[in-house]
A.B. asks: 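After the structure tokens below, expect a handful of questions from me.
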Amino acid sequence: MWTWEHQISRFMGVANGVQPNRKDGTAPIFKCDSDAVVRNDDTKNPRSYSFNRAKLVLPAGRGGCRIDNNQKAITTDPADGLLIGAKVTRVCAHSHVIMIAERIQENNFIANNSCSGVMNPRAQRVNGTLPISHGQRWNYLMVDGHVESLSDSESVEGSSNTNSETAIGRWKDNY
């Protein structure tokens, strides 16, 4: 289970990285203080955030690669239109593109691939509703490190169809 928070937790002083299937209070930074959703397994550490895994496609020459479930790069062709990984320096719109989004769900746990990524506002909701109240807004960590509070439509830049996977606005670096 090599999730995004497992990878960065080593830089936060968690020597072996955060581990799945463990309730030890490790790395509480991954749980929002407003997250009151009851989890379906109380033996694991809850997580309130997910990595942006929109169908991010960087233009040719910007250094992306598609990653399989074992974290192996399987192509460097961004023309395939699938999820890719890329160095942060390859993203042009650092202050515009979402990197981490809130995803408060009963099955979102630290170091578990389930809910590790989120592709659009529809995937952030539980049974079609916003599970916590931030004034009907979500908190987002942008690639440059600043946090913004955005509504569904602001995150997809005004699209009225926030249930569409194609209305991804700030979820994609298209510059």
Side-chain angles (χ1 to χ4, degrees), residues 1-56 67-72 83-86 88 91 94-95 97-156 162-165 167-172:
M1 297 295 180
W2 302 108
T3 59
W4 64 272
E5 76 278 3
H6 177 84
Q7 296 298 317
I8 67 171
S9 66
R10 294 173 293 180
F11 301 104
M12 299 169 54
V14 183
N16 296 321
V18 292
Q19 301 295 312
N21 304 320
R22 185 180 296 177
K23 177 76 175 223
D24 60 4
T26 303
I29 193 169
F30 297 115
K31 183 176 182 286
C32 176
D33 289 340
S34 298
D35 180 351
V37 168
V38 176
R39 298 307 199 269
N40 60 15
D41 186 340
D42 63 2
T43 65
K44 300 175 185 175
N45 290 313
R47 174 180 60 205
S48 304
Y49 309 103
S50 295
F51 198 79
N52 175 3
R53 58 175 273 170
K55 293 184 171 91
L56 177 66
I67 307 297
D68 69 12
N69 289 335
N70 296 314
Q71 301 299 308
K72 305 284 187 206
L83 172 69
I84 62 170
V88 172
V91 177
H94 292 101
S95 64
V97 177
I98 295 166
M99 183 165 52
I100 304 289
E102 285 185 288
R103 187 173 190 184
I104 314 261
Q105 293 185 343
E106 63 189 23
N107 61 337
N108 195 355
F109 299 104
I110 286 180
N112 186 331
N113 280 331
S114 176
C115 292
S116 181
V118 62
M119 298 192 320
N120 54 42
R122 176 184 65 186
Q124 289 180 275
R125 296 183 175 276
V126 176
N127 298 322
T129 62
L130 184 68
I132 61 172
S133 177
H134 290 307
Q136 298 299 305
R137 301 172 79 76
W138 299 97
N139 293 319
Y140 296 96
L141 174 69
M142 302 301 168
V143 173
D144 72 353
H146 84 276
V147 175
E148 284 189 42
S149 176
L150 302 170
S151 68
D152 286 357
S153 63
E154 288 170 333
S155 79
V156 294
T162 57
N163 283 321
S164 169
E165 288 187 24
I168 59 176
R170 296 186 75 169
W171 296 80
K172 181 178 176 182

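As the structure is a prediction and not an experimental result, all values here were calculated from the model. Along the sequence shown, residues are numbered consecutively beginning with 1.
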A.B. asks: Compare every heavy atom of Pro121 with every heavy atom of Ser155, then report the nearest pair and how far apart it is.
C.D. replies: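 Smallest heavy-atom distance, with atoms named: OG-CG, 3.4 Å.
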A.B. asks: My understanding is that only residues two or more places apart in sequence, or in another chain, count here; which of them pass ring pair (Phe, Tyr, Trp, His ring centres under 6.0 Å) with Phe30?
C.D. replies: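 With sequence neighbours excluded, Phe30 shows a ring pair (Phe, Tyr, Trp, His ring centres under 6.0 Å) to Trp4, given in chain and number order.
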A.B. asks: Should Asn108 and Tyr49 count as side-chain neighbours, where that means a heavy-atom distance under 4.5 Å?
C.D. replies: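 They are not in contact (no side-chain heavy atoms under 4.5 Å apart), so the answer is no.
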A.B. asks: Work out which heavy atom in Ser149 is nearest to a heavy atom in Glu154; give both atom names and the distance.
C.D. replies: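 Taking every non-hydrogen atom into account, O-OE1, 4.2 Å.
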A.B. asks: Is the shortest side-chain heavy-atom distance between Asn52 and Met99 below 4.5 Å?
C.D. replies: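 No; the side chains remain at least 4.5 Å from each other.
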A.B. asks: If only atom types and distance count, is the side chain of Ser9 paired as donor or acceptor with the main-chain N or O of Val18 below 3.5 Å?
C.D. replies: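 Yes: the side chain of Ser9 pairs with the backbone of Val18.
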A.B. asks: For residues Arg103 and Cys115, report the shortest heavy-atom separation together with the two atoms involved.
C.D. replies: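 Shortest heavy-atom contact: NH1-CA, 3.4 Å.
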A.B. asks: Taking side chain as C-beta onward, heavy atoms only, is Gln124 less than 4.5 Å from Gln105?
C.D. replies: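 Of all side-chain heavy-atom pairs linking Gln105 with Gln124, none is under 4.5 Å.
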A.B. asks: Judged by atom type as modelled, is there a donor-acceptor pair below 3.5 Å linking the side chain of Asn45 to the main-chain atoms of Pro28?
C.D. replies: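 Here the side-chain-to-backbone pair does not exist.
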A.B. asks: Provide the closest heavy-atom pair for Ser95 versus Met142 in the form atom of the first, atom of the second, distance.
C.D. replies: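 Looks like O-CG, 3.8 Å.
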A.B. asks: Could you report the tightest heavy-atom contact between Glu102 and Asn139, atom names first, then the distance?
C.D. replies: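 Between these two residues, the closest heavy atoms are OE1-N, 2.7 Å.
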A.B. asks: What's the spacing between Glu5 CD and Ser50 OG if we round to 0.5 Å?
C.D. replies: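 Here the rounded value is 8.5 Å.
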A.B. asks: Is there a side-chain contact between Asn112 and Thr3 in this structure, where contact means two heavy atoms from C-beta onward sitting under 4.5 Å apart?
C.D. replies: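 They are not in contact (no side-chain heavy atoms under 4.5 Å apart), so the answer is no.
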A.B. asks: Tell me whether Asp33 at atom CG has more than 12 heavy atoms from other residues, nucleotides or ligands lying less than 6.0 Å away.
C.D. replies: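 Open: at most 12 neighbouring heavy atoms sit under 6.0 Å from CG of Asp33.
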A.B. asks: Work out which heavy atom in Ala111 is nearest to a heavy atom in Arg47; give both atom names and the distance.
C.D. replies: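 Result for this residue pair: N-NH1, 3.7 Å.
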A.B. asks: Please enumerate all residues that pass salt bridge (charged side-chain N to carboxylate O under 4.0 Å, His left out) together with Lys31, with sequence neighbours excluded.
C.D. replies: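 None.
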A.B. asks: What I'd like to find out is whether the side chain of Tyr140 reaches to under 4.5 Å of the side chain of Ile100, using heavy atoms alone.
C.D. replies: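 The answer is no; the side chains never approach within 4.5 Å.
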